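Take a look at the structure below.
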Number of protein chains: 2
Amino acid sequence: MPAVISVTNPSGPYDAAVMLGRNPEAAVKPRSQESVVALRSQCSACNLRDLCLPCGLEGQDMASANELVYTRRRVKAGETLYQAGDPFKSLYAVRSGFFKSYVITEGGRVQVTGFQMSGEIMGVDGIDSDHHTINAAALEDSEVCVIPYVRLEEVSARVPALRRQVHRLMAREIVRDHGVMLLLGSMRAEERVAAFLLNLSKRFVARGYAASEFHLRMKREEIGSYLGLKLETVSRIFSRFQELGLLAVQKKSIAILDIDGLQDIMHQTED
Amino acid sequence: MPAVISVTNPSGPYDAAVMLGRNPEAAVKPRSQESVVALRSQCSACNLRDLCLPCGLEGQDMASANELVYTRRRVKAGETLYQAGDPFKSLYAVRSGFFKSYVITEGGRVQVTGFQMSGEIMGVDGIDSDHHTINAAALEDSEVCVIPYVRLEEVSARVPALRRQVHRLMAREIVRDHGVMLLLGSMRAEERVAAFLLNLSKRFVARGYAASEFHLRMKREEIGSYLGLKLETVSRIFSRFQELGLLAVQKKSIAILDIDGLQDIMHQTED
DNA sequence: CGGGGATTTGACACATATCAAGAGCGGTGG
DNA sequence: CCACCGCTCTTGATATGTGTCAAATCCCCG
């Protein structure tokens, strides 16, 4: 049997899903200067280049990427990189640290839409309406490369490979979102948690870290929000996985003891 | 048995979401000629231009859009426009008709990821990996404009406004997906159904149709898949809404009797 | 005009949420 | 250095929303 994933569609978001701008004015206020590093970053020399926006670029194309990033910005744990309603100016590449992105409805409901780690790009949510539609907050002290969108447009105007790369980047996000929809729409709680852990593991591996031991930067509640579960359910499932010998959990420290076992749980066929 | 297509993904989709290529070779076979209309389409003369890809383009920019579309393709109800695993060649703009897009997991689980109507673009899911990652099927006899991706790259190379438009298009999809995540992750069944109906209504209005009366092209099961509910639940909620005087339902004919009421249900604050 | 899929509806099961209590841990201040 | 406080996490008991299974009706298509 075939397997697959996701889609596309240009149709608008549900009104339900309409995200409320938070407080545009507040966002306009200048960030503390100390948080902006004016050091010119060199994508071509960055050890994240193969994970990040310039991934796949070569020679002169890679050199062009250097023109994109002039500044970095530090974001302390708990602070936001941007909020819904903020004017859209730049994309951000995570240089170090860990972020969550989330939407908040009128009713105060929160939905975490993703967790971003080094090399991943944030901010494209603002391209369509010129204002950000989600919030991005650091889960630990972090640093991002600021990629002014106008500059990205300028440079990509003459660098086809970069244009292509931006398309890929956004398409990848769309494909990822389809995966989350699949998870939220048709997986049971245990499957969701297993998928979540395996996804994290895979991403850590891509960054040169151990596949089976890592530190969760997010709270149970945030995991729950992302997975469409309550925090107690997440906690219980961690405990259950531990009883099954799949996992060793100590608060935010996770050790995966049986990757295959987790995969089995994730792939459970419901019928 | 499908071949597994390894989709690159930095922040990749869950493995659960790993897409299995369906049968790439099969997709290469020529479509029946009769289904491809060689008539040169004129975006600038199309009545969908303000909803579709060229939306917002003016003058020469709009004229450039005419270069993008050389062919149209008809897809009969029940047939697929493309399937997961098919090589990615083109984007498609729905000219008439109605589509669903969906992913299928190894286990045979299906998740509808969206419904597309006239003016909406399909196919961007294939940009990242050069192969489609979702399936797109017509829910009624439909016609799409075929936009070869290489041509889109050529034309947008010299038309900044078009580049911008493509970015917007993809960003809009991402924002929409966040809305669906919110829906799937934190709304109760009644809220999901209300949001779904209001979203459909809004999109019909944008196309000049009545806001309160329309024909559902999809089955209860497909609505349920999209909303993360079982078909029986969708049916029951339609009935409940009818009892509440919010809706008049007759199989696939829907009349919204109380838009505000539906909105109230959708915005229920849970706390 | 017949037949099979789609829809509705009921009874019941079960997964997950809710409510509640307590434990663990880190930071702060006396 | 210890005690306290607040936050996070765990765990139990119970509630409830949605799924599952089943049957009847409808109706669309051939």
Side-chain angles (χ1 to χ4, degrees), chain A residues 76-78 100 109-112 139-141 183-197 215-244 247-254 265 268-271, chain B residues 76-79 100 109-112 137 139-141 183-197 215-244 247-254 265 268-271:
Chain A
K76 291 209 204 89
K100 67 170 175 180
R109 243 190 286 242
V110 175
Q111 174 70 35
V112 170
L139 296 180
E140 62 184 18
D141 291 354
L183 180 144
L184 291 172
S186 59
M187 294 175 83
R188 294 178 317 108
E190 285 194 355
E191 301 173 273
R192 296 184 199 189
V193 174
F196 170 73
L197 292 171
H215 185 75
L216 296 173
R217 302 5 147 74
M218 67 293 276
K219 300 187 272 196
R220 299 287 186 270
E221 185 177 9
E222 291 164 330
I223 297 172
S225 171
Y226 181 56
L227 299 178
L229 302 171
K230 293 298 171 184
L231 67 97
E232 295 95 327
T233 303
V234 174
S235 176
R236 273 186 245 273
I237 290 176
F238 277 177
S239 299
R240 206 176 307 159
F241 283 177
Q242 189 157 242
E243 283 164 23
L244 293 172
L247 230 55
V249 185
Q250 259 186 308
K251 300 293 173 187
K252 293 190 163 157
S253 294
I254 296 283
I265 283 183
Q268 268 164 31
T269 78
E270 68 244 353
D271 297 339
Chain B
K76 292 211 206 86
E79 293 183 347
K100 67 170 175 180
R109 243 190 285 241
V110 176
Q111 173 70 35
V112 171
L139 295 180
E140 62 184 18
D141 291 354
L183 181 144
L184 291 172
S186 58
M187 293 174 84
R188 293 177 318 107
E190 286 194 354
E191 302 173 272
R192 296 184 200 189
V193 174
F196 170 73
L197 292 171
H215 186 76
L216 295 173
R217 301 11 151 65
M218 66 294 277
K219 301 187 271 196
R220 300 287 186 270
E221 185 176 10
E222 291 163 329
I223 297 173
S225 172
Y226 182 55
L227 299 179
L229 301 171
K230 292 298 170 184
L231 67 97
E232 294 95 329
T233 303
V234 174
S235 176
R236 272 186 246 272
I237 290 176
F238 278 178
S239 300
R240 206 176 307 160
F241 283 178
Q242 189 156 243
E243 283 164 22
L244 293 172
L247 230 55
V249 185
Q250 257 186 311
K251 300 293 171 189
K252 294 193 162 151
S253 294
I254 295 283
I265 284 182
Q268 268 163 32
T269 77
E270 68 244 354
D271 295 340

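Scope of the values below: all heavy atoms of this structure, side chains included, with no hydrogens, waters or symmetry mates. Note that the coordinates shown come from a computational prediction; the quantities given were computed from them, not determined experimentally. In what follows, chains carry the letters A, B, and so on, assigned in the order in which the sequence lines appear, proteins first and then strands, with residues in each chain numbered from 1.
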### Query
How does protein contact run along nucleotides 3-15 of chain C, one letter per nucleotide 5' to 3', with B for base contact, S for sugar-phosphate only, - for none, heavy atoms under 4.0 Å?
---SSBBBB----
Residue pair [X] / [Y]: nearest heavy atoms and the distance that separates them:
X	Y	answer
A/Ala195	A/Leu183	CB-CD1, 3.9 Å
A/Leu229	A/Ala189	CD2-CB, 3.8 Å
A/Glu191	A/Ile265	CG-O, 3.3 Å
B/Gly228	B/Leu184	N-CD2, 3.6 Å

I need the [atom1]-[atom2] distance between [X] and [N], as an integer number of Å.
X	N	atom1	atom2	value
A/Leu229	D/dT10	CG	C1'	16 Å
B/Glu190	D/dG19	CD	C1'	16 Å
B/Leu227	D/dG17	CG	P	18 Å
A/Lys230	D/dT8	NZ	P	16 Å
B/Arg192	D/dT18	CZ	C1'	10 Å
A/Ile237	D/dC9	CD1	P	15 Å
B/Leu184	D/dT18	CG	P	13 Å

Could you list the donor-acceptor pairs under 3.5 angstrom formed between side-chain atoms of residues 235-243 of chain A and any protein atom two or more places apart in sequence or on another chain?
{"unit_1": "A/Ser239", "atom_1": "OG", "unit_2": "A/Ser235", "atom_2": "O", "d": "3.2"}
{"unit_1": "A/Arg240", "atom_1": "NH1", "unit_2": "A/Glu190", "atom_2": "OE2", "d": "2.6"}
{"unit_1": "A/Gln242", "atom_1": "OE1", "unit_2": "A/Val249", "atom_2": "N", "d": "2.7"}

### Query
With sequence neighbours excluded, what pairs up with B/Lys251 under the side chain to side chain contact (heavy atoms under 4.5 Å, CB included) test?
none
### Task
Measure the shortest side-chain to side-chain distance between B/Lys219 and B/Lys252 over non-hydrogen atoms and say whether it is less than 4.5 angstrom.
yes
### For B/Arg217, side chain to side chain donor-acceptor pair (under 3.5 Å) partners two or more places apart
B/Glu140
#### Entry: Sequence-distant partners of B/Glu222, side chain to side chain donor-acceptor pair (under 3.5 Å), two or more places apart
B/Lys100
### Query
When we call it a touch if two heavy atoms are under 4.0 Å apart, what does B/Gly224 touch: a base, just sugar-phosphate, or nothing?
nothing
### Task
Compute the angle between the rotation axes at the two ends of the helix from C/dC1-D/dG30 to C/dG30-D/dC1, each taken over five pairs, rounded to 10 degrees.
40°
